[in-house]
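All values derive from a computational prediction rather than experimental measurement. Counting convention: from 1, in listed order, for ligands and their atoms alike.
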Amino acid sequence: MSKITFSIIKADVGGYPGHANVHPELIEVAQENLKKSDILEDFHVTHCGDDLELLMTHRKGEDSEEIHSLAWDTFQKATEKAKELGLYGAGQDMLSDAFSGNVKGMGPGVAEMEFTPRKAEPVVAFLMDKTEPGAFNLPIFKMFADPFNTAGLVIDPSLHNGFRFEIWDIKESKKIIMETPEEIYDILALIGAKGRFVIKRVFPKGDKLPNDEPVAAISTEKLYQIAGEYVGKDDPVALVRAQSGLPALGEVLEPFSHAFLVSGWMRGSHNGPIMPVGVKNAICTRFDGPPRAVALGFQVKDGKMNGPADLFDDPAFDPVREQSARIADYMRRHGPFEPHRLPLEDMEYTTLPGVMKNLKRRFESVD
Ligand code: F6R
Ligand code: MG
Ligand code: MG
């Protein structure tokens with residue numbers, strides 16, 4: 001069976017209104033452009049908050065110039081439409097004037113996985129807005145390494161061997177491969193610091209699946225480091241394969257039954273609870289949030305993306321939405337105080353250097 005690649009390439013090319021949502025006409029423009037292409041097996045265009053999300057299957061492999069070029073061209077056309085409609089921050093994530101073979105480092109976020117499809121291949125695309133790639137550390141760890149989340153780790157012999165985690169140090173641009181269950185304490189020591197260490201890929205270990213093909217992939221672009229100044233959040237996306245030797249669909253979704261805290265939210269500078277929602281509620285309103293997560297499920301067959309099933313559009317996730325709204329309230333009461341506001345070095349933009357400059361003369365030494 002020949003390999004298939006599932007790619008998510010996303011960008012904020014203009015919000016409506018403010019940074020809340022994507023205008024339906026941008027989605028139409030993107031659909032039209034992808035429809036014209038003959039290099040895709042299938043595609044689905046959607047949004048999470050103000051991010052335009054291109055979900056595509058193809059046979060060109062990861063990092064394909066043709067696929068990245070198609071995505072770039074699509075975002076450019078959507079940017080033109082955003083300008084025409086006067087949308088907010090039109091072209092926000094298009095950080096370069098010219099495409100140079102790969103969208104990485106040019107603004108858009110990317111999660112891609114090339115793999116040999118099984119007879120039936122369930123794939124979940126996770127889309128988040130108003131947060132950062134490290135927001136996926138907790139749920140991905142739980143899916144693949146926490147027996148209190150994933151019953152299969154204990155009771156299914158084909159999951160018993162554990163998984164290999166590829167972890168990136170995004171400040172030093174280095175990566176390390178670590179194994180579960182042997183190294184879970186060391187893994188947690190790293191990925192608990194989610195602003196610095198992020199899970200990039202997960203690989204299987206047993207003999208059921210090819211060990212060199214990923215079963216999960218997460219976007220790790222850091223927009224503010226790319227641009228050298230604040231241009232918007234690097235709202236992340238992820239792909240996860242499920243079932244038959246991998247966490248079951250319900251084990252993949254289970255970490256989102258808890259409104260865990262992530263960094264981002266208003267001005268990319270606040271800690272707040274994640275809120276899993278259906279696409280229709282993936283609109284960032286209250287204090288530009290709270291940060292949202294969408295999960296779209298597909299059965300991939302012969303390159304075709306059968307779906308999506310909007311997996312968080314389900315009353316089973318009402319309690320976590322409620323919990324998230326309550327935590328949002330609690331966090332907001334702290335106003336400009338940490339730990340609601342992020343520590344200075346993690347804030348995406350801050351007036352503090354200006355404040356300090358003005359006050360410099362008035363600061364005296366303390367003996
Ligand atoms: C956070 C985000 C928003 C904006 C905020 C201010 O990632 O996109 O919270 O930071 O709405 O936006 P500007 O500076 O564009 O008015
Ligand atoms: Mg925006
Ligand atoms: Mg966004």
So is Gly264 touching ligand 1 or not, going by heavy atoms under 4.0 Å? no

So, Glu179 and Lys205, do they make that salt bridge, N to O below 4.0 Å? yes

What part of His19, side chain, backbone, both or neither, has a heavy atom within less than 4.0 angstrom of ligand 1? side chain

Of all the N, O or S atoms in Asp129, the one nearest to the Mg ion (ligand 3) is OD1

Sequence neighbours excluded, the answer for ring pair (Phe, Tyr, Trp, His ring centres under 6.0 Å) partners of Phe43 is none

Could you tell me whether Glu80 and Lys77 make a salt bridge, using a distance below 4.0 angstrom between a side-chain N and a carboxylate O? no

Between Tyr88 and His19, what is the ring plane arrangement, given parallel below 30°, perpendicular above 60°, and tilted in between? perpendicular

Does atom CG (Asp207) have a neighbourhood of more than 12 heavy atoms from anything else shown, all under 6.0 Å? no

Which protein N, O or S atoms lie under 2.8 Å from the Mg ion (ligand 2), given by chain and residue number? Asp12 OD2, His19 ND1, Asp50 OD2

Give the atom numbers and elements of ligand 1 that come within less than 4.0 Å of a heavy atom of Trp265. 1 (C), 9 (O)

Using a strict 4.0 Å cut-off to heavy atoms of Met266, name the atoms of ligand 1 that fall inside it. 9 (O)

Residue set satisfying ring pair (Phe, Tyr, Trp, His ring centres under 6.0 Å) with His270, at least two apart, ordered chain then number -> Phe287, His340

Among the N/O/S atoms of Asp235, select the one at the shortest distance from the Mg ion (ligand 3) and name it. OD2

Step through the shown structure and confirm whether more than 12 heavy atoms of other residues, nucleotides or ligands are within 6.0 Å of NZ on Lys175. no

Are Asp318 and Arg321 within salt-bridge range, i.e. N to O under 4.0 Å? yes

Distance-only donor-acceptor hits, side chain of residues 154-168, under 3.5 Å, sequence neighbours excluded:
from: Asp156; atom 1: OD1; to: Ser158; atom 2: N; distance (Å): 2.9
from: Asp156; atom 1: OD1; to: Ser158; atom 2: OG; distance (Å): 2.8
from: Asp156; atom 1: OD2; to: Ser158; atom 2: OG; distance (Å): 3.2
from: His160; atom 1: ND1; to: Leu153; atom 2: O; distance (Å): 3.3
from: Arg164; atom 1: NH2; to: Asn211; atom 2: O; distance (Å): 2.6
from: Glu166; atom 1: OE1; to: Arg201; atom 2: NH1; distance (Å): 3.2
from: Glu166; atom 1: OE2; to: Trp168; atom 2: NE1; distance (Å): 2.8
from: Glu166; atom 1: OE2; to: Arg201; atom 2: NH1; distance (Å): 2.9

Would you check whether Asp50 has a nitrogen or oxygen atom less than 3.5 angstrom from a nitrogen or oxygen atom of ligand 1? no

